[in-house]
Amino acid sequence: MKKIINTKNAPAPIGPYNQAVLTGNTLYTSGQIAINPETGELVLDDIKTETKQVLENMKAVLTEAEMTFEDVVKTSIFISDMNNFSAINEVYGSYFNEDTAPARETVEVANLPKFVNVEISMIAIKS
């Protein structure tokens, strides 16, 4: 049985998908980009600010599912320029405890939705 997770504290889906799906104790999130959920505007001031908005959106989805970043077991990071990796990683690292950080892949792609610079999705398990 699956439960749909949606919150007004993260950007609304712009297609036939949901922010996340909870099945059992496992949460699968859709990718988040740097849209400010209050204004609907992209936050693209610089790569660190953009990454922070992405992770704040993800935090809102996790919170709606009664989870935290400590419950995250896997992340996927898609970036448009590998030269931004260290700045993205610096912000990303501030959301996780290094000793219990999730597994992850980071992939450079040609384009992302709305031509943003970073998109992140997660899998979390509530123990």
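Every value quoted in this text rests on a predicted model; they were computed, and no experiment measured them.
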Considering non-hydrogen atoms only, spot the tightest contact between [X] and [Y] and give its length.
X: N18; Y: I5; answer: CB-O, 4.4 Å
X: F69; Y: L55; answer: CZ-O, 3.5 Å
X: A60; Y: N9; answer: CB-O, 3.3 Å
X: I120; Y: M58; answer: O-CE, 3.1 Å
X: A124; Y: L62; answer: CB-CD2, 4.0 Å
X: A10; Y: P37; answer: C-CB, 3.6 Å

Do [X] and [Y] make a side-chain contact, defined as non-hydrogen atoms from C-beta onward lying under 4.5 Å apart?
X: T100; Y: E70; answer: yes
X: E90; Y: I88; answer: no
X: L22; Y: M67; answer: yes
X: Y92; Y: T75; answer: yes
X: I14; Y: K114; answer: yes
X: I123; Y: L27; answer: no

Quiz item: Is the number of heavy atoms from other residues, nucleotides or ligands within 6.0 Å of NZ (K74) greater than 12?
Solution: yes
Practice problem: Mark yes when over 12 heavy atoms from residues, nucleotides or ligands other than E38 sit less than 6.0 Å from its CD; otherwise mark no. | Solution: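 No.
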Using 0.5 Å steps for rounding, measure from the [atom1] atom of [X] to the [atom2] atom of [Y].
X: E41; Y: Q53; atom1: CD; atom2: CD; result: 11.5 Å
X: N84; Y: D46; atom1: CG; atom2: CG; result: 10.0 Å
X: I35; Y: L42; atom1: CD1; atom2: CG; result: 5.5 Å
X: T68; Y: F96; atom1: OG1; atom2: CZ; result: 9.5 Å

Practice problem: Test R104 against I77 for side-chain contact (heavy atoms from CB on, under 4.5 Å), laying out the working first. | Solution: CA-CA 8 Å; R104 167 183 100 180; I77 303 176; 3.5 Å; yes
Taking [Y]'s backbone N and O only, do any of them form a donor-acceptor pair with [X]'s side chain (distance below 3.5 Å, no angle check)?
X: D81; Y: N83; result: yes
X: T29; Y: M122; result: yes
X: N57; Y: V54; result: no
X: T49; Y: D45; result: no

Do [X] and [Y] meet the criterion of a side-chain donor-acceptor pair at a distance under 3.5 Å?
X: S80; Y: E108; result: no
X: N117; Y: E50; result: yes
X: S121; Y: Y28; result: no
X: S30; Y: Q19; result: no

Exercise. Determine, stepwise, if the pair Q32 / E56 fulfils side-chain contact (heavy atoms from CB on, under 4.5 Å).
Key: CA-CA 9 Å; Q32 285 290 327; E56 287 298 311; over 6 Å; no
Quiz item: Would you call E66-K126 a salt bridge at under 4.0 Å N-O?
Solution: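 Looking at E66 and K126, the cut-off is not met.
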Quiz item: V107 and I79: side-chain contact (heavy atoms from CB on, under 4.5 Å), yes or no, with the steps?
Solution: CA-CA 6 Å; V107 180; I79 61 178; over 6 Å; no
In this structure, would [X] and [Y] fall into the same cluster of hydrophobic residues linked by side-chain contacts under 4.5 Å?
X: I33; Y: I47; answer: no
X: V21; Y: Y17; answer: no
X: L44; Y: V109; answer: yes

Exercise. Apply side chain to side chain donor-acceptor pair (under 3.5 Å) to the pair N89 and S86, showing each step before the final yes or no.
Key: CA-CA 5 Å; N89 200 48; S86 63; over 6 Å; no
Exercise. Report the C-alpha distance between T106 and F85 in whole Å, list the side-chain angles of each, state the deciding distance to 0.1 Å, and finish with yes or no for side-chain contact (heavy atoms from CB on, under 4.5 Å).
Key: CA-CA 8 Å; T106 303; F85 176 79; 3.8 Å; yes
